[in-house]
Amino acid sequence: MKGLQIDGQQVTLDVREEEFYRNPYPYYSELQRKCPAFYWKNYGVVTFTRHTDIDSILRSRKFGRRHEGCPLTYNASEDATLEPFFKADRYSLLNLEAPEHGRLRSLVQRAFINANIQQYEQYIVELGHELCDAMLVRLHKGEAVDLIRSFAEPIPVMVIAKMLGIGAEAKDSLLEWSHAMVRMYEPERTPQVEADAAAASTAFMDFLEVIIEDRRQHLADDLISHLIRASEDGEESISREEMISTIILLLNAGHEATVHSIANGAAALMQHPKQLSYWRDMCLQQADLTGATAELLRYDTPLHIFNRYVLSDTIVAGQELRQGQIVSLILGAGNRDEEVFNRPHELDLLRSATAHLSFGRGVHFCLGAPLARLEVRLALKILFQAIPGMRLSMPPVKANTYHFQGHQEVMVCI
Ligand code: HEM
């Protein structure tokens with residue numbers, strides 16, 4: 001396997017190795033066979049690939065997203081230019097641990113419940129059909145259309161913006177800021193990536209300051225208003241900085257992974273005609289699509305890797321771990337673990353894949369999972385019903401990113 005060197009329990013592999021990022025799954029199988037837990041020399045982290053180890057680390061209190069004195073994100077730079085990024089990210093739920101995390105998470109959860117995601121179902125359906133109609137006009141002219149830009153990308157950003165009560169006209173700015181910020185989560189980053197993330201964070205925070213101030217004066221039925229109410233009604237309160245970090249997290253987390261889930265799911269279905277016909281049949285029969293949607297999320301995992309700090313010395317899978325050390329958990333590998341999923345490299349919509357790790361586990365389990373499932377299910381249902389003859393016009397090519405697993409483009413025709 002190109003670029004992969006295994007020396008006992010030490011592994012050398014650059015995530016920019018083309019053969020790897022185009023299709024990391026055969027690499028994962030090889031690692032699971034030979035050294036399921038290993039020291040990844042390129043990144044200086046102990047890494048876990050087995051479902052059972054990832055599951056238990058994510059649930060364990062011996063591991064956390066943060067410990068006293070640690071940098072806010074792994075690989076954090078001391079460079080002052082990054083200050084706006086860290087300010088925007090400071091109170092992201094993903095960076096907090098108990099008790100701060102529990103307090104903020106329950107406020108956000110309460111706001112989510114009050115916002116009632118089911119009421120957005122009709123909006124998603126209408127939006128999905130509108131986007132399909134626009135695609136059909138171009139497809140009927142014989143054009144090949146990129147499914148990501150034309151369909152998978154607009155849905156999640158428009159839905160989360162609507163939930164937050166932010167006008168659709170801000171869509172392009174939100175996408176631009178979010179793309180610039182999430183590039184910080186890739187294992188390696190350049191000074192340009194850092195400068196772009198800092199500039200995007202400043203613009204994003206300035207934009208939200210105005211919105212939050214306005215919303216405090218005019219409470220409505222959106223997520224920001226519910227967040228303000230949740231903090232005013234209960235004993236807990238939410239500071240301005242926490243509010244900004246939370247909204248940025250919801251906007252960024254709320255669409256980046258969902259875009260890839262929709263596009264990866266559509267590509268996988270078109271590459272597996274038998275599974276696509278199951279999907280169509282299930283949609284026609286109004287069958288429950290929960291299991292099939294879980295399988296699509298398992299098969300091509302949209303977020304591949306997450307890190308944790310070791311909070312107290314421990315041993316996992318024979319690896320001695322010291323307090324303060326960073327461990328990496330490859331969710332994409334755990335989702336293809338044959339100990340848990342039979343024939344893991346096959347897409348099988350009829351299997352029960354609900355044990356997948358794509359939304360994480362434990363206290364940081366994805367807060368937006370119900371919304372994400374709803375969006376993926378409805379988007380793929382509408383897409384294949386509205387454009388029945390759609391097929392790939394060329395094989396989709398995976399993007400050169402690691403944390404986010406998606407395609408550069410998914411070109412389709414009829
Ligand atoms: C298919 C799409 C999605 C995937 C695959 C996904 C995946 C994840 C994962 C793996 C985590 C846990 C990270 C960790 O443990 O370190 C997470 C956390 C989170 N996600 Fe999602 N997510 C998706 C969509 C969404 C949506 C639509 C929203 C909100 C609108 C959202 C909001 C969040 C939040 C707020 C957290 C942090 C929870 C916490 O730290 O307590 N996600 N997501």
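Just so you know, these numbers come straight off a predicted model, no measurement behind them. Indexing begins at 1, ligand by ligand and atom by atom, following the structure's order. All residue numbers in this chain count up from 1 along the given sequence.
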Among non-hydrogen protein atoms, atom 26 (C) of ligand 1 lies closest to G254 CA, 3.5 Å
query: Taking the six-membered ring where the residue is Trp, are the ring centres of F112 and H226 under 6.0 Å apart?
result: no
(Q) Polar contacts were defined as any N/O atom of the residue lying under 3.5 Å from an N/O atom of the ligand; does this apply to R105 and ligand 1? (A) yes
Exercise. Relative to F341, does R298 satisfy both conditions: NZ or CZ under 6.0 angstrom from the six-membered ring centre, and within 45 degrees of the ring's axis?
Worked result: yes
So for R65 against ligand 1, with non-hydrogen atoms under 4.0 Å, the contacting part is side chain
Closest heavy-atom approach to atom 1 (C) of ligand 1 among S261, G102, P302, A115 is made by S261
For L357, state whether at least one heavy atom is located under 4.0 Å from any atom of ligand 1.
no
With heavy atoms and a 4.0 Å threshold, my read on which part of F112 contacts ligand 1 is side chain
Looking at M163, E97, R308, the heavy atom closest to atom 14 (C) of ligand 1 belongs to R308
Closest to atom 10 (C) of ligand 1 by heavy-atom distance, out of C366, A372, A369, S358, is S358
Establish, yes or no, whether a centroid distance under 6.0 Å links the rings of H272 and Y299. yes
Return yes or no for this condition: an N or O of H101 is under 3.5 Å from an N or O of ligand 1. yes
Note to self: Between the side chains of K87 and E83, is the shortest nitrogen-to-carboxylate-oxygen separation below 4.0 Å, so that they form an ion pair?
What the structure shows: no
Practice problem: Look at the rings of H304 and Y28 and say which category their plane angle falls in: under 30° parallel, 30 to 60° tilted, over 60° perpendicular. | Solution: tilted
- Quick check: are there more than 12 heavy atoms from other residues, nucleotides or ligands sitting under 6.0 Å from CD of Q408? yes
